[in-house]
Engineer: 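Provided herewith is a single structure, encoded as C-alpha cells, for subsequent inquiry.
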Amino acid sequence: QVQLVESGGGLVQAGGSLRLSCAGSGRAFRNYAVGWFRQAPGKEREFVAAISSAGRSVQYADSVKGRFTISRDNAKITAYLQMNSLKPEDTAGYFCAAHLGTRWPPLEYDHWGQGTQVTVSS
C-alpha cells in the first residue's frame, strides 16, 4: 500500500512554469510506476505523463510533449512534474497515481492522491 500527496499547484501566467511534487509513503514507492493525470471542470480525466519504477522509461501525452518533464527521486520517495510554457488549457486539477507491476506502460493505477490545482491565466 502506498499513499500519495501532491503539492506545488497554484496560479501562474501563461508561459510560466510550475513544478508539482508527488510524495509517496514508504520504501515500497520505488517499486511503483507513477503517472500524472489532470481533470478540468466538465471534462474527463486525461493522462499527462508516466514514469517507470526505476525511472528508465517515461511517457507523455502529445499535448504536453516538449513542455512537461516527469522525473522521480526514489531516495526522497517523490515524483515530480516540471511544467514549462504553461497554457490556459493546462488549467486543471492534477493528480498523481501509482501502479505496482511490471507492465509498461501501466493500463491502470492502484493508488491515487487527492490532487493539486493548477490555474494558468492568459
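Throughout, numbering of the chain's residues begins at 1 and tracks the sequence. All values below were derived from every heavy atom in this structure, side-chain atoms included, with hydrogens, water molecules and symmetry-related copies excluded. Keep in mind that this is a model prediction, so the values were computed, not measured.
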Engineer: If we only count heavy atoms from C-beta on, is the S63 to R38 side-chain gap below 4.5 Å?
Structural biologist: yes
Engineer: Contact between T91 and Q117 at the side-chain level, heavy atoms closer than 4.5 Å - yes or no?
Structural biologist: yes
Engineer: Quick check: is F29 connected to Y109 through a chain of hydrophobic side chains (ILVMFWY, heavy atoms under 4.5 Å apart)?
Structural biologist: no
Engineer: Say you draw a straight line from OG of S7 to CZ of R19; how long is it, rounded to the nearest 0.5 Å?
Structural biologist: 9.0 Å
Engineer: Decide whether V12 and W36 are clustered together by the hydrophobic rule: side chain heavy atoms of Ile, Leu, Val, Met, Phe, Trp, Tyr closer than 4.5 Å, transitively.
Structural biologist: yes
Engineer: Checking N74 now: which residues fulfil side-chain hydrogen bond (donor to acceptor under 3.5 Å, both in side chains) with it, not counting sequence neighbours?
Structural biologist: R72
Engineer: Tell me whether H99 contacts the main-chain N or O of E108 through its side chain, where contact means a donor paired with an acceptor under 3.5 Å.
Structural biologist: yes
Engineer: For A98 versus V2, what's the shortest heavy-atom pair and its separation?
Structural biologist: CB-CG1, 4.0 Å
Engineer: Quick one: does T116's side chain have a donor or acceptor within less than 3.5 Å of a partner on E6's backbone?
Structural biologist: no
Engineer: Does a sphere of radius 6.0 Å around CD in Q114 hold more than 12 heavy atoms from other residues, nucleotides or ligands, not counting ones at 6.0 Å or beyond?
Structural biologist: no
Engineer: Less than 4.0 angstrom from a charged side-chain N to a carboxylate O is my criterion; do D62 and K65 meet it?
Structural biologist: yes
Engineer: To the nearest 0.5 Å, tell me how far L86 CG sits from Q13 CD.
Structural biologist: 11.5 Å
Engineer: Is there a side-chain contact between Y80 and T69, using heavy atoms and a 4.5 Å cut-off?
Structural biologist: no
Engineer: Between N84 and S17, does any side-chain donor sit less than 3.5 Å from a side-chain acceptor?
Structural biologist: yes
Engineer: If you take all heavy atoms of R45 and Q39, which pair is closest and at what distance?
Structural biologist: N-NE2, 3.7 Å
Engineer: Counting C-beta onward and ignoring hydrogens, is there a side-chain heavy-atom pair between D90 and M83 closer than 4.5 Å?
Structural biologist: no
Engineer: Looking at E46, I'd like to know if its CD atom is crowded, meaning that more than 12 non-hydrogen atoms belonging to other residues, nucleotides or ligands lie closer than 6.0 Å.
Structural biologist: yes
Engineer: Which atom pair, heavy atoms only, marks the closest approach of I70 to V34?
Structural biologist: CD1-O, 3.9 Å
Engineer: Quick check on the hydrophobic clustering: are L4 and L100 connected, directly or via other members, by side-chain heavy-atom contacts under 4.5 Å?
Structural biologist: yes
Engineer: Examine L11 and L18 and state if one hydrophobic cluster contains both, with Ile, Leu, Val, Met, Phe, Trp and Tyr joined whenever side-chain heavy atoms are less than 4.5 Å apart.
Structural biologist: no
Engineer: Which atom names give the shortest non-hydrogen contact between A14 and S122, and what distance separates them?
Structural biologist: CB-CA, 4.3 Å
Engineer: Under the ring-ring contact (aromatic ring centres under 6.0 Å, His included) rule, what pairs show up with a residue in residues 38-67, not counting sequence neighbours?
Structural biologist: F37-F47
Engineer: So do the side chains of F95 and L20 get within less than 4.5 Å of each other, counting heavy atoms only?
Structural biologist: no
